[in-house]
Each structure stands twice: as structure tokens, then as C-alpha cells.
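Presented below is the structure to which this report refers.
Note that these values count all heavy atoms, side chains included, but never hydrogens, waters or copies made by symmetry.
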Amino acid sequence: MRKRNETSRLTRECITTALLLLSEEKDYDDITITDITEKAGVSRMAYYRHYKSKDEIIVSYLADEGSAFAEYILSREHTLRDILMMAGNFFSDNVILIKAIIKANLINDSMRVMTDIFSGLFPVIKTDVRTGYATGFYIGAITSVFRIWLESGMHESVEQIVDFICENIGEKVEQEYYEFRNKKIQQ
């Protein structure tokens, strides 16, 4: 059973890597399942055992990366600026993925994934409608800033972008984050 899980994980990684590499070479819409399976070195059957579409590959990868990001954030004490720096570095390190998301018109799916991740970091989002709206607002704003930065050529450093976001995010959000962190640390 363990070997099967490892094989499944490796197959998914190969498929994801193949799609990301192909995104560098071709327009997203022109990438076929055959292209992906050939590049990944897997059969079509293996592909369809794991994914229904190439869009699902991207959304799944983003969810996995986001979950790892959330686990890391919760494993240590971080400032809100630290988290934004990690998010900025994720954008910077995953330009191909982000461009594939934009080309595939998966922004809404990506926003849902990010909202789910941040709901786990800030449980009050699930219980307080107003906070949920505010969180959606900030996630959208932050994501838009990073997206504009990416699309304009990323001339500014991650630090400059994060400084801009921090200047505009508001003290209430930062205060809520620190209150939540302090409760988590005390538990």
C-alpha cells in the first residue's frame, strides 16, 4: 500500500512538472493531454487516474502548495509582513504556475483555494460573515497587487511590493492576525 501511495505521488508530480514545463514552451490552450503524458513519461490511463483535466492539475498543485504554506505559517511565529514576503516569494518563484493560472482563466478557482487556506489560518472567517467579507477583500487585493506586479514585468523587488501592501492593508487586519497568532501560541 505504501509503495502504491509513493508511486501515485510520483506520477502526480511528473504530470504537474510536465504541464509546468510545457507552459514555458507552448501556449496553455495548445497543450494537449498527449503532450503532458509524453513529457511526464506516463500513460493516458495513469493521467486520467489522477486528473480529469489540465486545469485540475494546476488547481490541485496550488492547493497542495497552499496547504504546505499554511502548515509552515502555523508551525512558527510569523509577522503578517513575513507571511506577505513568503507569498511574494511564492509568486516570484512560481511565475510559470501563476502565468498558467492566468492563461487558463483559473483565477476564480485559485481565489477559492486561497480563501480556504486563509480560512484555516484565521478560523474566525468561517464564523463571522463580516470578517469573511473583509478577508475576501484583502485576499483579492493582495492577489491583484501580485498579479499586476507579475504582468508588468516584476521590476520591483518582493520587499517593495510587500511594503506597498503593508502600507495599504490597515491596522485592523494586522491586529486581528496578531490576536489570532497569540491565541494559537497559548494553546
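A 4.5 Å side-chain heavy-atom check between L150 and I102 finds at least one atom pair inside the cut-off. Two residues are said to be in side-chain contact when any heavy atoms from C-beta on lie closer than 4.5 Å; I36 and I57 meet this criterion. No side-chain heavy atom of M154 sits under 4.5 Å from any side-chain heavy atom of I161.
Distance check, rounded to the nearest 0.5 Å: CD of E56 to CG of L106 gives 11.0 Å. Here L22 contributes atom CG and I96 contributes atom CD1; the two are 11.0 Å apart, rounded to the nearest 0.5 Å. The distance from the CE atom of M45 to the CZ atom of R49 is 6.5 Å, given to the nearest 0.5 Å. Once rounded to the nearest 0.5 Å, the distance linking CG of L20 with CD of E24 reads 8.0 Å. In this structure, OG1 in T16 is found 9.5 Å from CD in E65, a value given to the nearest 0.5 Å.
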Please step through side-chain hydrogen bond (donor to acceptor under 3.5 Å, both in side chains) for the pair D55 and Y28, ending with a clear verdict. CA-CA 10 Å; D55 293 355; Y28 182 82; 2.5 Å; yes
What's the verdict on side-chain contact (heavy atoms from CB on, under 4.5 Å) for Y51 and V59, showing C-alpha distance, side-chain angles and the deciding distance? CA-CA 11 Å; Y51 299 105; V59 173; over 6 Å; no
What do the steps show when you test R81 against E159 for salt bridge (charged side-chain N to carboxylate O under 4.0 Å, His left out), and what is the final call? CA-CA 9 Å; R81 188 176 198 298; E159 292 84 5; over 6 Å; no
Start with the C-alpha distance between D82 and M86, add both sets of side-chain angles, then the distance that settles side-chain contact (heavy atoms from CB on, under 4.5 Å), and finish with yes or no. CA-CA 6 Å; D82 292 338; M86 286 182 258; 4.2 Å; yes
Evaluate side-chain contact (heavy atoms from CB on, under 4.5 Å) for K39 paired with I15, printing each intermediate quantity in order. CA-CA 8 Å; K39 186 85 158 176; I15 291 169; over 6 Å; no
Might you work through the side-chain contact (heavy atoms from CB on, under 4.5 Å) test for T11 and Y47, ending with a clear yes or no? CA-CA 8 Å; T11 300; Y47 173 89; over 6 Å; no
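Taking both residues in full, the closest heavy atoms of F146 and I165 are given as CZ-CD1, 3.8 Å, listed atom of the first, atom of the second, then distance. Scanning both residues, A46 and S43, for their nearest heavy atoms gives N-OG, 3.0 Å. For the pair W149 and S92, the tightest heavy-atom approach, listed with the atom from each and the gap, is CH2-CB, 4.1 Å.
L21 and I31 fall into different hydrophobic clusters, defined by Ile, Leu, Val, Met, Phe, Trp and Tyr side-chain heavy atoms under 4.5 Å apart, directly or through other members. Hydrophobic clustering, with ILVMFWY side chains joined whenever heavy atoms are under 4.5 angstrom apart, keeps L10 apart from Y48.
In terms of modelled atom types and a separation under 3.5 Å, the side chain of Q160 and the main chain of E156 share no donor-acceptor contact. With N89 contributing its side chain and M85 its backbone, the two residues share a donor-acceptor pair below 3.5 Å.
In this structure, a donor-acceptor pair under 3.5 Å is present between the side chains of T34 and R44. No hydrogens or angles considered: a donor-acceptor pair under 3.5 Å links the side chains of S60 and R12. For D35 and T32, the side-chain atoms include at least one donor-acceptor pair closer than 3.5 Å.
Shown here is D93, whose CG atom has more than 12 heavy atoms of other residues, nucleotides or ligands within 6.0 Å.
The one candidate from N94, I101, T17, L19 that meets the side-chain contact (heavy atoms from CB on, under 4.5 Å) condition with Y61 is N94.
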